[in-house]
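For reference, the structure discussed in these notes is given below.
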Amino acid sequence: MLLPVLALGALLFVHAAAAPLLAARQDGCKDYVLIEARGTFEPQGPSIGFRNMIERTLSSVPRGGHHVVVYPAAPDATQLTTLIGRQDITDYINNGTKGCPTQKYALLGYSQGATVVNEATQVFFNQSSIQARQTKAVLLIGNPYHLPNKDGNVDEDGGNRTSNYTGALVGTLNATIAPSYYDTGKVRDICHTTDLVCTGISLDSLFSSSHLSYGFTQSVQDLGVDFLTQQL
Ligand SMILES: *[C@@H]1O[C@H](CO)[C@@H](O)[C@H](O)[C@H]1NC(C)=O
Ligand SMILES: *[C@@H]1O[C@H](CO)[C@@H](O)[C@H](O)[C@H]1NC(C)=O
Ligand SMILES: *[C@@H]1O[C@H](CO)[C@@H](O)[C@H](O)[C@H]1NC(C)=O
Ligand SMILES: *[C@@H]1O[C@H](CO)[C@@H](O)[C@H](O)[C@H]1NC(C)=O
Ligand SMILES: *[C@@H]1O[C@H](CO)[C@@H](O)[C@H](O)[C@H]1NC(C)=O
C-alpha cells in the first residue's frame with residue numbers, strides 16, 4: 001500500500017510544481033532569451049557572427065527565445081549609436097524581469113555590438129539586482145574593449161594566445177565589461193589571434209579577414225554553444 005501512496009504523492013508533487021511553469025509559458029515567458037548585438041555596417045537583423053551558435057543553442061536548450069538589438073550599428077567615434085543599443089537591451093531586460101522574473105538572458109555582441117553589450121553590463125553591474133542575476137552569460141567576439149588577462153578570455157581555438165592583449169579602443173571611452181561579470185564567471189570574450197580589433201595592434205585593419213571570420217569559424221561557434229548551454 002505504501003508504494004502506490006508514495007507514487008501518487010510524487011505525481012501530485014510533480015503536477016503542483018509543473019503548473020506555475022506552464023502558466024508562466026502561457027504568459028509568453030521563456031526559460032531564457034539570447035540577446036544579440038551585430039557589428040558595424042551589418043543590416044538591422046541577426047548578425048552573421050552568431051547565426052550558427054544561436055540556432056544550435058536554441059535547438060539544444062529548450063524554451064529559448066531570441067532578441068535582436070535594435071540600434072544603428074553605424075560608424076561612431078562617440079557613444080551615440082552604442083547607447084541606443086544599450087537602451088534597447090536594458091529596456092528589454094527591465095521589461096522581462098517584471099513579467100517573467102525567472103527568464104534568463106545571454107548577451108551576445110560582435111565588434112561594435114560587443115561595445116553595446118559591455119555598456120549594458122555597466123548599467124546592470126550590481127550582481128544583487130535581478131537584471132544582473134538573470135543575466136547568465138556575456139559572449140563577445142572581436143571586442144574592441146578586450147581587457148588583458150581576464151577570466152573568460154579565449155582565442156578562436158579556446159586557448160590563451162590572445163588573453164594578454166588589449167583591445168584597440170581600450171582607454172578611449174568607458175565601455176569595458178563591468179568587473180562583476182568577470183568575478184562571476186559569466187564572460188567568454190573570444191578574440192581571434194589575427195583580429196587587430198581585439199588584439200589592439202591597429203585600427204587600420206578593422207575589416208581584416210579575421211575580424212570578419214568568427215561566424216565562419218567552426219571552433220568559435222562550438223565555443224559559443226558550449227558556453228551558452230553550460231550557462232543557461
Ligand atoms: C514585455 O514582457 C512581456 C512578458 O511579461 C511580453 O509579453 C512583452 O512582449 C514584453 N514587451 C516588450 C516590449 O518586450
Ligand atoms: C564607467 O561607467 C559606469 C556606468 O556608467 C560607471 O559606473 C563607472 O564608474 C565608470 N567608470 C569610469 C572609470 O569612469
Ligand atoms: C546592489 O543592490 C543591492 C540590492 O538591490 C543593494 O542593497 C546594494 O546597495 C547595491 N550595491 C551597490 C554598490 O549599488
Ligand atoms: C598560456 O598558458 C600557458 C600555460 O599555462 C602559459 O605558459 C602562457 O604564458 C600563457 N600565455 C599567455 C599569453 O597568457
Ligand atoms: C603575450 O604573451 C606572449 C607569450 O607569453 C608574448 O609573446 C606577447 O608579447 C604578450 N603580448 C602582450 C601584448 O603582452
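Residue numbers count from 1 along this sequence. Counting starts at 1 for both ligands and their atoms, in listed order.
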Considering only NZ, NE, NH1 and NH2 on the basic side and carboxylate oxygens on the acidic side, decide whether D226 and R188 come within less than 4.0 Å.
-> no
Those residues with a heavy-atom separation under 4.0 Å from ligand 3 are N126, S128
With Q44 via side chain to side chain donor-acceptor pair (under 3.5 Å) - residues at least two apart = R38
Quick one: are the ring centres of H66 and Y32 less than 6.0 Å apart?
-> no
Among side-chain atoms of H192 and T162, is any donor-acceptor pair under 3.5 angstrom?
-> no
Check ligand 4 against N160 and write out every atom of the ligand that is under 4.0 Å from a heavy-atom position of the residue.
-> 1 (C), 2 (O), 3 (C), 8 (C), 10 (C), 11 (N), 12 (C), 13 (C), 14 (O)
Between N164 and ligand 4, which part of the residue brings a heavy atom under 4.0 Å of the ligand: side chain, backbone, both or neither?
-> side chain
Nearest non-hydrogen partners of A137 and F227, listed with the distance | CB-CE2, 3.7 Å
Taking every non-hydrogen atom, the tightest pair across E119 and A175 | OE2-CB, 3.8 Å
Measure across R161 and N164 and return the closest heavy-atom pair with its distance rounded to 0.1 Å.
-> O-OD1, 4.0 Å
